[in-house]
Amino acid sequence: MATFVDSKYGAAFCILIGSLSVAFSDVVVDSMVVERARGESQSMSGSLQSLCWGSSACGGIVSSYFSGSLVEVYGVRSVFGVTALLPLITSAVSLLVKEEPVHGPARGLSLGNGFFESSKNSIIQLWGAVKQPNVFLPTLFIFLFQATPQSGSATFFFITNKLGFTPEFLGRLKLVTSVASLIGVALYNGFLKKVPLRKIFLVTTIIGSALGMTQVLLVTGLNRKFGISDEWFSIGDSLILSVLGQAFFMPVLVLAARICPLGMEATFFATLMSIANGGGTLGGLLGAGLTHILGVTKDKFDNLALLIIICNVSSLLPLPLLGLLPRDEPDSDENTDIEMTPY
């Protein structure tokens, strides 16, 4: 993409290959996190997830602002060239991972009968774990919670085509979002990791739905009547919503890690996250359908405020399903801080 890709099909292929590569390494890292969190309290598991996602937010802070500036100064291809080198640095971290060798028959090393038999057994084992009520019901809740309609795409076209936000300013918004994510991780780790999951989902969903309505002020221009520019309103809105969104997402990760069965952490956690992402994709499709029905396009935003209201109200629909979540066990008063030791 930094050199010779000039068609949408070539770009789509490169994005697919890049996403596939990230997915492989992400599955391995997730399995390490789940193995470390196994048998721990909700507080300890929350601390571990906070460490991981806090690190991710720090990386986002470093890169987000410069991405917009570099695109404006050097162009898109130069930015692709720079970012293509960063995964090579990440791969060097694998040399620091300590792991014990597993003695037994090799699995999946050939494409013969052994590979297919191993794959068949893994699928059977995965289905046996998923169909257990204490796993299936929380998984169903995660999917339905992610599947509510979203208005993000329509809002993006509004702030770029209507308000005229530049790539540099969008980079600043991304910077604010990354900082807010770090704040959200710190908020969860400091105050919410011992709070029952049901209560966190309930409170953050209600508050998030209410605060999400503030985007209506930006769409209708009411923020300017209060003397707040579109840029500053967008920054403040992104900051607040990102803090709340990250604080909401952390319990999802903790719940997913806690219900993973022994011996198939990587496969099962990846499956759960795929189901969650599938719910998000469904929510995007539902949002796209509502966008079409309401006549919102990249240049016409008459009903965008109504779309935002519908999407925010619909986020409350999964709340009656909170009973699907497992009951929380009280954490002990023991120290649950993470020791900074290698895996």
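Quick note: numbers below take in every heavy atom, side chains included, and nothing from hydrogens, waters or symmetry partners.
Between Val5 and Gly10 the shortest heavy-atom distance is CG1-C, 3.6 Å. Heavy-atom minimum distance, Thr148 versus Ser315: CG2-CA, 4.0 Å. Between Thr155 and Ile308, the closest heavy-atom pair is OG1-CD1, 4.3 Å. Contact record, Arg77 with Met1: NH1-O, 3.0 Å, taken as the closest heavy-atom pair. Of all heavy-atom pairs spanning Phe141 and Pro318, the tightest one is CE1-O, 3.9 Å. Closest heavy-atom contact between Pro149 and Cys311: O-CB, 3.6 Å.
Checking Thr297, Leu307, Leu286 one by one against Thr291, the side chain to side chain contact (heavy atoms under 4.5 Å, CB included) holds for a single residue, Leu307. Exactly one residue among Leu218, Thr214, Thr220, Val219 makes a side chain to side chain contact (heavy atoms under 4.5 Å, CB included) with Val216. That residue is Thr220.
Side-chain atoms of Asn303 never come within 3.5 Å of backbone atoms of Val296 as a donor-acceptor pair (strictly under, hydrogens ignored). Side-chain atoms of Asn223 do not come within 3.5 Å of backbone N or O of Phe233 as any donor-acceptor pair. Counting only distance, with no hydrogens or angles, the side chain of Ser209 and the backbone of Thr205 share no donor-acceptor pair below 3.5 Å.
Relative orientation of the Phe145 and Phe201 rings is tilted, given thresholds of 30° and 60° on the angle between their planes.
Distance check, rounded to the nearest 0.5 Å: OH of Tyr9 to SG of Cys14 gives 15.0 Å. The CZ atom of Phe301 sits 10.0 Å away from atom CD1 of Ile159, with the distance rounded to the nearest 0.5 Å. Note that CG of Leu304 and NZ of Lys162 are 11.0 Å apart. Values are rounded to the nearest 0.5 Å. Atoms CD1 and CD1, from Ile240 and Ile183 in turn, are 10.5 Å apart once rounded to the nearest 0.5 Å.
Hydrophobic cluster membership is shared by Leu202 and Leu144, with clusters built from Ile, Leu, Val, Met, Phe, Trp and Tyr side chains linked at under 4.5 angstrom. Under a hydrophobic clustering in which Ile, Leu, Val, Met, Phe, Trp and Tyr are joined whenever their side-chain heavy atoms come within less than 4.5 Å, directly or via other members, Leu282 and Leu316 fall into the same cluster. One hydrophobic cluster, built from ILVMFWY side chains closer than 4.5 Å, holds both Leu217 and Met213. Cluster annotation: Ile293 and Leu306 are assigned to distinct hydrophobic clusters (Ile/Leu/Val/Met/Phe/Trp/Tyr, side-chain heavy-atom contacts under 4.5 Å, transitive). Leu317 and Leu140 end up in different hydrophobic clusters when Ile, Leu, Val, Met, Phe, Trp and Tyr side chains are linked at under 4.5 Å.
Taking the ring-ring contact (aromatic ring centres under 6.0 Å, His included) definition, one finds that Phe157 meets it with nothing, sequence neighbours left out.
In this structure the side chain of Ile200 never reaches within 4.5 angstrom of the side chain of Arg198, judged on heavy atoms. Inter-residue side-chain proximity for Asp230 and Phe165 is flagged as met; some heavy-atom pair is nearer than 4.5 Å. Here the side chains of Ile310 and Leu290 are in contact, with some heavy-atom distance below 4.5 Å. Side-chain contact between Leu319 and Leu322: present, with at least one pair of heavy atoms (C-beta onward) separated by less than 4.5 Å.
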